[in-house]
Amino acid sequence: MPKRIFLTRYLVEQQRLEGHIPPELRLLLEVVARACKRISQAVNKGALGDVMGSAESENVQGEMQKKLDIIANEVLIEANEWGGHLAAMASEEMEGIYVVPNRYPQGEYLLMFDPLDGSSNIDVNVSIGTIFSVLVKPEGAGVSEQDFLQPGTKQVAAGYCVYGPQTTLVLTVGDGVAVFTLDREQGSFILTEEDLRVPEDTKEFAINMSNERHWATPVTRYIDECLQGKDGVRGKDFNMRWVGSMVADVHRILTRGGVFLYPWDKREPDKAGKLRLMYEANPMSWLIEQAGGMATNGKQRIMEITPTKLHERVSVFMGSKNEVERVTRYHSEP
Ligand code: P6P
């Protein structure tokens, strides 16, 4: 029976042996993991719990909220606000930042999350997940939205929990990518993969093909070449996957390779893209890069973008290095 390494032991060793994480960050990550277990329980209830369907409300993005969006957001807020490790939180489901109430001690970390990514899949029993990113609050009294506006290179931890056939927590603190699978009997996350690597090449792309007529030329060129397969310039056939949950698509890419594209398109030309920089693209980009992949917005490394607003959107190309390099190169060619 192989030795079972629990999340706590992994984090203690990252703290003690690797010197990667201070005790407060270890506490933060354990609290987030516990919140993800609670969300997993709610998700798994499905129609047996009062968690399905619309909440009859809109979020700051103007998107209809599902009941589970709100439940997941509340679970993360309640789990993290009292521990003394955080100064504030930001969420896809909240317009402004959530400053830790004065009745609790304030910490030095800033936590951002998409509490339930892919929630359009909830009612049809397709994988969804929680994405999170951790920054250090800049020196100075108090905390404001401005403190969150740091590039992705400043992250000190990032990860997601995918609620699928397994509940799987994928995490980086800058020392590679570790995967933990939830053992429901014990209620513990067990280390099942250490140092995940994304293959540099792939034959699988992930994009919502229904938007094809709205794409910019470099994207149309890249996808057309994939579709031409071995009869075209790529000389090999490609497969396509699109779950409609970034967490599920990125988890597949981290596990077996692939390239994920959610590009800018002409439908809303003033928007850089659909996905959010702070709590979707940045944490996923760090995980992909830590696993040897690449993540750009077509022009530059996503993690080098300096945000101008909390819910900033971005064009996303991430996954197998050689494919992301190619589609990014197409953006700079005439
Ligand atoms: P579309 C989910 O709403 C999400 O933000 C990502 O998780 C997912 O990759 C994307 O949107 C799906 O978008 O336009 O295909 O429904």
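In each ligand, atom 1 is the first atom listed, and ligand 1 is the first ligand listed.
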Test of ring centre spacing under 6.0 Å for W242 and F260: yes

Side chain to side chain, R313 and L275, heavy atoms closer than 4.5 Å: no

Atom 9 (O) of ligand 1 [closest protein heavy-atom partner, distance rounded to 0.1 Å]: M246 N, 3.3 Å

Side chains of F238 and V259 in contact at under 4.5 Å (non-hydrogen atoms): no

Those atoms of ligand 1 less than 4.0 Å from some heavy atom in N208: 1 (P), 14 (O), 15 (O)

E92 contact mode with ligand 1 (heavy-atom cut-off under 4.0 Å): neither

Interfacing atoms of ligand 1 (cut-off 4.0 Å, heavy-atom, E280): 5 (O)

Ligand 1 contact on L275 by region, counting heavy-atom pairs under 4.0 Å: side chain

Donor-acceptor pair between Y10 and E194 side chains, under 3.5 angstrom: no

S120-ligand 1 polar pair, N/O distance under 3.5 Å: no

Nearest-0.5 Å distance that lies between atom CZ in F180 and atom CG in D183: 14.0 Å

R276 neighbourhood, listing ligand 1 atoms whose heavy-atom distance to it stays under 4.0 Å: 5 (O)

Where ligand 1 meets G118 - atom numbers and elements under 4.0 angstrom, heavy-atom basis: 2 (C), 7 (O)

Euclidean distance, L110 CG relative to Y98 OH, rounded to 0.5 Å: 15.0 Å

Gap separating the CE atom of M284 from the CE atom of M318, nearest 0.5 angstrom: 7.5 Å

Gap between atom CZ of R234 and atom CD of E323 - 0.5 Å precision: 4.0 Å

Short N or O distance, D249 and ligand 1, threshold 3.5 Å exclusive: no

Non-hydrogen atom of E63 closer than 4.0 Å to ligand 1: no

Shortest protein contact, atom 14 (O) of ligand 1 (heavy atom only): Y262 OH, 2.6 Å

Atom 3 (O) of ligand 1 [closest protein heavy-atom partner, distance rounded to 0.1 Å]: K274 NZ, 3.8 Å

Geometric class of the Y279/H311 ring pair [parallel <30°, tilted 30-60°, perpendicular >60°]: perpendicular

F260, any N or O under 3.5 Å of ligand 1 N or O: no

